Engineer: 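My questions all concern the structure below.
Order of appearance sets the numbers: ligands from 1, and atoms from 1 within every ligand. Starting from 1, each residue takes its place in the sequence as its number. Everything numeric here is computed off the predicted structure, so don't read it as measured data.
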Amino acid sequence: METDKDIYILGIESSCDDTSAAVLKNGILLSNVTASQAVHEAYGGVVPELASRAHQQNIVPVVDQAIKRAGIEKEQLSAIAFTRGPGLMGSLLVGVNFAKGLSRSLGIPLIDVNHLHGHVLAHFIHESEDDHSNPPFPFICLLVSGGNSQIVKVNAYNDMQILGQTIDDAAGEAIDKCSKVMGLGYPGGPIIDRLARQGNPDAYQFAKPNIQGYDYSFSGLKTSFLYSLRDWIKDDPDFIEHHKEDLAASLERTIVDILMKKLRMAVKDTGIKHVAVAGGVSANNGLRNAFHDHARRYGWTVYIPKFSYTTDNAAMIGITGFFKYKDKDFCPIEAPAFARMEN
Ligand code: KG4
C-alpha cells in the first residue's frame, strides 16, 4: 500500500570498479543494478583513470534501470544516499557529483555513506518484509575486501568500533597479488577459490605474521609466496601449472587461518558470539566453511551475506542511507569525497 510516509531511498556506489544503484522502500530492497568493469582484466588490477571513465558511461543507465526496476518515478524518491569514501578518488567523484546533481534537481536531501559501514550493514538488506535475518547488536564483523581487513565491533547502526585492522595489505589484495604472480586472471579471489576446492590445503606452508593485538598483516605472506614460487620454478619451470590447485588451496588456508585466529581472540575477549563476515572476500568458500566450523566448535551464531551483497553494491549503501534518513542525518551539498579514512 502506498502512503505519503513511504520512504524511498536511492543508493549510489562508485568507489572502485563497480557502478551500482539501488532503490529501497521503507528499508526493503526493490532493485539493485550493478555494472562491473571488464576493462581492468587485461591489466591485472583496477586502472583508476579507466575506472573513472567507465563510471561516467555507466552511471546514467544504471540509475535509470534501478529506478525503472523498482517500479517508481524519480520524483517519488525521498533522499539519495551515496558512497562518499573511502575509495578511488576519480571513481568516487562520479557517484558523488551525480548524487549531488540529482538531489539538487529533485529538491531532496543527500546522505553520505562510508563505504565500509555499508559493507557491515549489508547484513540488514532485506528483500521482503518477511526477511528478518540480521544480527542483533552488538555483534562482531570481520570486514575483508580488496582494500580493507578489519575486525569491527558493531554496537548500533551508527556506532562501530574498529578493534583491529591490517597494517599493510588487505586480505583480498594479498589474494589478488599472489594470483597475479601465478599468472592467473584478475580479480584473483574467485579464481583462487575455484582452484582451491580441488587442491590440498596442507601441501605447502607459507609465512604467517606475528602481530600484536587484533591487527593483521599480509605483506610477509605475499613475499613468502613469491620467494617460494621462485625456488620451486628453478627446479620445475612448469611448477605452477602442475601444482596450481595445491598452491591455491594452501594459500587460501593460510589466509583463512590468519583471519580466523584474530577473530577468535576478539570474540573471546569481548564475549560477543554473534559474528558476521562482510566484504568481497566473504564470498570465499574456505572462509565461509571456517565460519560454519567455528559456529559448531565454539557456539558462535554466524551471519554470512548473500553472494550478491558481498562485493561492492548499492543495496548496502541504500540500507545505510535508510538508517541515517530516519535519524535525519543528512549531508551538505559541499561535502567532499574522501579517498582515505583519516581525511
Ligand atoms: O568488497 P570488494 O568487492 O571491493 C572492495 O571494496 O575492495 O572486494 C573485492 C575483493 C577482491 O580482492 C577479490 O579478489 C575478492 O574480494 N574476492 C574473493 C572472492 N570473490 C571476491 N576473494 C576470495 N574468494 C572469493 N570467492
Engineer: Would you please test N32 and Y309 for side-chain hydrogen bond (donor to acceptor under 3.5 Å, both in side chains) and show each step?
Structural biologist: CA-CA 10 Å; N32 183 44; Y309 306 132; 5.1 Å; no
Engineer: Side chain, backbone, both or neither: which applies to H119 and ligand 1 if a contact is any heavy-atom pair less than 4.0 Å apart?
Structural biologist: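 Side chain only.
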Engineer: In terms of residue, atom name and distance, what is the protein heavy atom nearest to atom 20 (N) of ligand 1?
Structural biologist: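 Looking only at protein heavy atoms, the one closest to atom 20 (N) of ligand 1 is G280 O, 3.6 Å.
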Engineer: Nearest 0.5 angstrom please: I12 CD1 to R84 CZ, how far?
Structural biologist: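 Taking CD1 in I12 and CZ in R84, the distance rounds to 15.5 Å.
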Engineer: Below 4.0 Å, non-hydrogen atoms only: which portion of D312 touches ligand 1? Side chain, backbone, both or neither.
Structural biologist: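 Both backbone and side chain.
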Engineer: Once you round to the nearest 0.5 Å, how far does CD1 of I140 lie from CD of Q161?
Structural biologist: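 Reported to 0.5 Å precision, the distance equals 8.5 Å.
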Engineer: Could you say whether the N/O atoms of G279 and ligand 1 ever approach to under 3.5 Å?
Structural biologist: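 Not met; the criterion fails.
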Engineer: So, does R194 sit close enough to ligand 1 that a heavy atom of it is under 4.0 Å from the ligand?
Structural biologist: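 Distance cut 4.0 Å: R194 fails for ligand 1.
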Engineer: Measure the distance from atom 18 (C) of ligand 1 to every protein heavy atom, then report the residue, atom name and distance (to 0.1 Å) of the closest one.
Structural biologist: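 The closest one turns out to be G189 CA, 3.5 Å.
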Engineer: Short list, please: which atoms of ligand 1 are under 4.0 Å from a heavy atom of G147?
Structural biologist: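 Counting from 1, the qualifying ligand atoms are 7 (O).
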Engineer: Is the shortest N/O to N/O distance between G146 and ligand 1 below 3.5 Å?
Structural biologist: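 N/O-N/O distance below 3.5 Å exists for this pair.
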Engineer: At their closest point, which heavy atom of K74 faces which heavy atom of L106, and how far apart are they?
Structural biologist: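 Minimum heavy-atom contact is O-CD1, 3.7 Å.
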Engineer: Which heavy atom of Y298 sits nearest a heavy atom of K273, and at what distance?
Structural biologist: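 Minimum heavy-atom contact is O-NZ, 3.0 Å.
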Engineer: Which atoms of ligand 1 sit under 4.0 Å from any heavy atom of D193?
Structural biologist: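 What qualifies from ligand 1 is 24 (N), 25 (C), 26 (N).
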Engineer: List every atom of ligand 1 that sits less than 4.0 Å from any heavy atom of G172, numbering the atoms from 1 in the order shown and giving each element.
Structural biologist: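 Once the distances to G172 are compared, the set is 12 (O).
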Engineer: Exactly one of F322, F139, F137 should register a ring-ring contact (aromatic ring centres under 6.0 Å, His included) with Y157. Which one does?
Structural biologist: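 Exactly one option meets the ring-ring contact (aromatic ring centres under 6.0 Å, His included) with Y157, and it is F137.
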Engineer: Given the rule that I, L, V, M, F, W and Y join up when any side-chain heavy atoms are under 4.5 Å apart, are Y325 and L29 in one cluster?
Structural biologist: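 Same cluster.
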Engineer: Provide the number and element of each atom of ligand 1 under 4.0 Å from a heavy atom of H115.
Structural biologist: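 This gives 6 (O) as the contact atoms.
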Engineer: Between D246 and N200, does any side-chain donor sit less than 3.5 Å from a side-chain acceptor?
Structural biologist: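 Checked: D246/N200 side chains show no N/O donor-acceptor pair below 3.5 Å.
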Engineer: Begin with the C-alpha distance, continue with both residues' side-chain angles, and end with the deciding distance and a verdict on side-chain hydrogen bond (donor to acceptor under 3.5 Å, both in side chains) for D168 and S217.
Structural biologist: CA-CA 6 Å; D168 41 54; S217 164; 2.7 Å; yes
Engineer: Which atoms from ligand 1 have a heavy atom of A283 less than 4.0 Å away?
Structural biologist: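 Every atom of ligand 1 under 4.0 Å from some heavy atom of A283: 20 (N), 26 (N).
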Engineer: Return a yes/no value for D176: is any of its N or O atoms, backbone included, closer than 3.5 angstrom to an N or O of ligand 1?
Structural biologist: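 There is such a contact, yes.
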Engineer: Please classify the T311 to ligand 1 contact at 4.0 Å (heavy-atom distances, strictly less than): side chain, backbone, both or neither.
Structural biologist: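 For T311, backbone and side-chain atoms both sit under 4.0 Å from ligand 1.
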